[in-house]
Protein chains: 2
Amino acid sequence: MQNANVSDKTIGRLSTYRRLLLYRFGTAGQSHIYSYQIAGLAGVTAAQVRRDLMVVGYSGSPNKGYRVEDLVGSIGEFLDRPEGQNVGLIGIGNLGRAILTYFSGRRPKLTIVAAFDSAPDKINRTIHGCRCYAVEEFPAVAARENITVGIITTPADAAQRVAETLVECGVRGILNFAPVALKLPPGVHCEDIDMTMALEKVAYFARKLARD
Amino acid sequence: MQNANVSDKTIGRLSTYRRLLLYRFGTAGQSHIYSYQIAGLAGVTAAQVRRDLMVVGYSGSPNKGYRVEDLVGSIGEFLDRPEGQNVGLIGIGNLGRAILTYFSGRRPKLTIVAAFDSAPDKINRTIHGCRCYAVEEFPAVAARENITVGIITTPADAAQRVAETLVECGVRGILNFAPVALKLPPGVHCEDIDMTMALEKVAYFARKLARD
DNA sequence: TAGATTGTTAATCGATTAACAATC
DNA sequence: TAGATTGTTAATCGATTAACAATC
C-alpha cells in the first residue's frame, strides 16, 4: 500500500486546502492556482503545500500550477470514502447541539446520522434532522446505520465509558470534546478538542504579550 | 525575565494538569502525587510532566512527589493573572451560544463579559448572564470592561475584519473558531480550533484503520 | 528561449525521549 | 541505608525549511 503512514498534520492541512479551494472556487472561479496562493490562504509555506499535495498523488504543472477542479477531486478521492461515512454523536448538551447544527450539511461525505444521551428527556426527539436515542441503543443503531466515527460531547466523567462502547461497536475514529485523555486500544484514532485548554493558552499568551 | 519563551504545548499541558488535579483533588483528596500519576491522567510521559512542572518553578520532593495543593497554586500563579482576565465573544450563532454556556463559570479567572453580533435581533439581550452588543460597540465595551482576549465564532468571511477590530482595541489573544487563517500583526497570539478539519481527520484515519 | 514554477533531496530546527546524577 | 523518585543533560526523532534540479 502506498503512503502507508502519512502525517496527521498533513491530513489536517489537506482538509483545509480543500475547503479553501471550494470556497475560493465558488467565488473567484479561477481555473488554476499556484502553491503560494494556497499557502497564503492557509497560512503555511508554499513548499509545505507542494509537499502535502504530492501525498495525494496529484501533480501540478510547472508555470501553470494546479488545476483547481482536479485538485479538489484528487483531495476528495484521497480523504473521503466514496460512499461517505456516518457519524454518531454522544452527549446532547449545549455543545452537542451546537455541533449537530454546525456539521449539518457542511460536508456531504460526513453525516451525523444519530445522537445519543442518557437523560430520558433528551431522547426520542429530532434535532436539526438528527434522531436522538438512549445511549443503550448505540450498538443497535450503530450497526443499522453503519456508524464508523464518533463524536463525544459528554461530561468528562462519562467519556471513557462511552469511548469503550464506541470501540466495542467498531468505531475506529473518535472526536473527543471531553477534557480527559481517553485510554483506547491500538487501531483507534482519537482527536481531542479541549476548548478550556485552548482558551487558557490564549489568555496566557495575551497576558505575556501585553507585558512586552 | 526568566523563561522568556516557553513552548505553546507546555502551556497547554500545564492547563490540562491543573484541571486534572482540581478534579482529582476534589474527589480523591490525596495530598501528594507523583509525576507518573499525573502522566497517566493526562496521557503523556512522566518525564514530560517533570519537565513541564520545572517551568512553573515548583519543585517536587524525591520519593514524596508533588504536593497537590501547592502545585495547583503554583500553576495558577504561572498561568493566571491574579485579578483575572476578561473575554469578549464575537458571533452569536449556535456555536457562539454553546461556547457562552460552556465557559460560564468554568474558570474563575477567565470570564466572558460581553458578546457581539451584527444581526439586530441578537443584540440587547442577555444569554447565560452575558450581555449582547452590536459589533460597532466593541471598542467602547472593550475599553470599559477591559477585554484582553477575544473568541471569534463568526462565519469565515467575517473573521478577518473582526480580528482586525479586536487587535485595534488592544486584544492580544484570539481564540478563532472560524475556518480561515487570520492575518495578524506580530505581538498577537492566535489559537485556531477548526472542528471541520478535526472531524475530517478522524474520518480519514477511521477509514484507514478499518482497512487494516 | 527565459522565466517561473514544480518535485526532490539535504540541512536545520525543535521537541521529545532516554540516560544519568542528585536527593529525600 | 536502600529504594524510588526528582532534576538535568545528551541522544534521538520527526517535521519543517532551505537549496537545488527538473519541467513546461
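Numbers restart at 1 for each chain; the letters A, B, ... are given by sequence-line order, proteins then strands.
For Ser59(A) and dT6(C), the shortest distance from a side-chain N or O to OP1 or OP2 is not below 4.0 Å. Between Ser7(A) and dG14(D) there is no side-chain N or O to OP1 or OP2 distance below 4.0 Å. OP1 or OP2 of dA4(D) has not a single side-chain nitrogen or oxygen of Tyr34(B) nearer than 4.0 Å. Neither OP1 nor OP2 of dT8(D) sits under 4.0 Å from any side-chain N or O of Arg51(B).
Atom C1' of nucleotide dT16(D) and atom CE of Met54(A) are separated by 15 Å, given to the nearest angstrom. Across the protein-nucleic acid pair, Arg50(A) atom CZ and dT16(D) atom P stand 15 Å apart, rounded to whole Å. Atom pair Leu53(A):CG and dT8(C):C1' shows a separation of 15 Å (rounding to whole Å applied). With rounding to whole Å, Lys9(B) atom NZ is found 13 Å from dG14(D) atom P. Between the CD1 atom of Ile11(A) and the P atom of dA15(D) there is a distance of 12 Å, given to the nearest Å. Rounded to a whole Å, the CG atom of Asp52(B) is 13 Å from the C1' atom of dT17(C). Across the protein-nucleic acid pair, Arg67(A) atom CZ and dT6(C) atom C1' stand 17 Å apart, rounded to whole Å. Here dC24(D) presents its P atom at 14 Å from OH of Tyr66(A), a figure rounded to the nearest Å.
Of the possible polar contacts, none joining the Lys109(A) side chain to the Gln85(A) backbone as a donor-acceptor pair under 3.5 Å is found. Distance alone, capped at 3.5 Å, places no donor-acceptor pair between the Thr148(A) side chain and the Val87(A) backbone.
Checking Gln48(A) against Asn63(A), the closest nucleotide of DNA chain D that is more toward the 5' end is the one next to Gln48(A). Taking the nucleotide of DNA chain D with the nearest heavy atom to each of Tyr36(B) and Ser61(A), the more 5' of the two is matched to Tyr36(B).
When only modelled atom types and interatomic distance are considered, Gln48(A) and Arg13(A) share a side-chain donor-acceptor pair under 3.5 Å. Under the 3.5 Å distance criterion, with hydrogens and angles disregarded, a donor-acceptor pair is assigned to the side chains of His189(A) and Glu191(A).
A salt bridge does not link Glu200(A) to Arg19(B): none of the charged nitrogens lies less than 4.0 Å from a carboxylate oxygen.
Ranking dT16(C), dG7(C), dT23(D) by closeness to the Arg13(B) side chain, first place goes to dT16(C).
Using N1 to N3 plus N6-O4 or O6-N4 for Watson-Crick, or N1-O2 and O6-N3 for G-U wobble, each under 3.5 Å, dC13(D) pairs with dG14(C). A 3.5 Å limit on both hydrogen-bonding distances identifies dT6(C) as the Watson-Crick or G-U partner of dA21(D).
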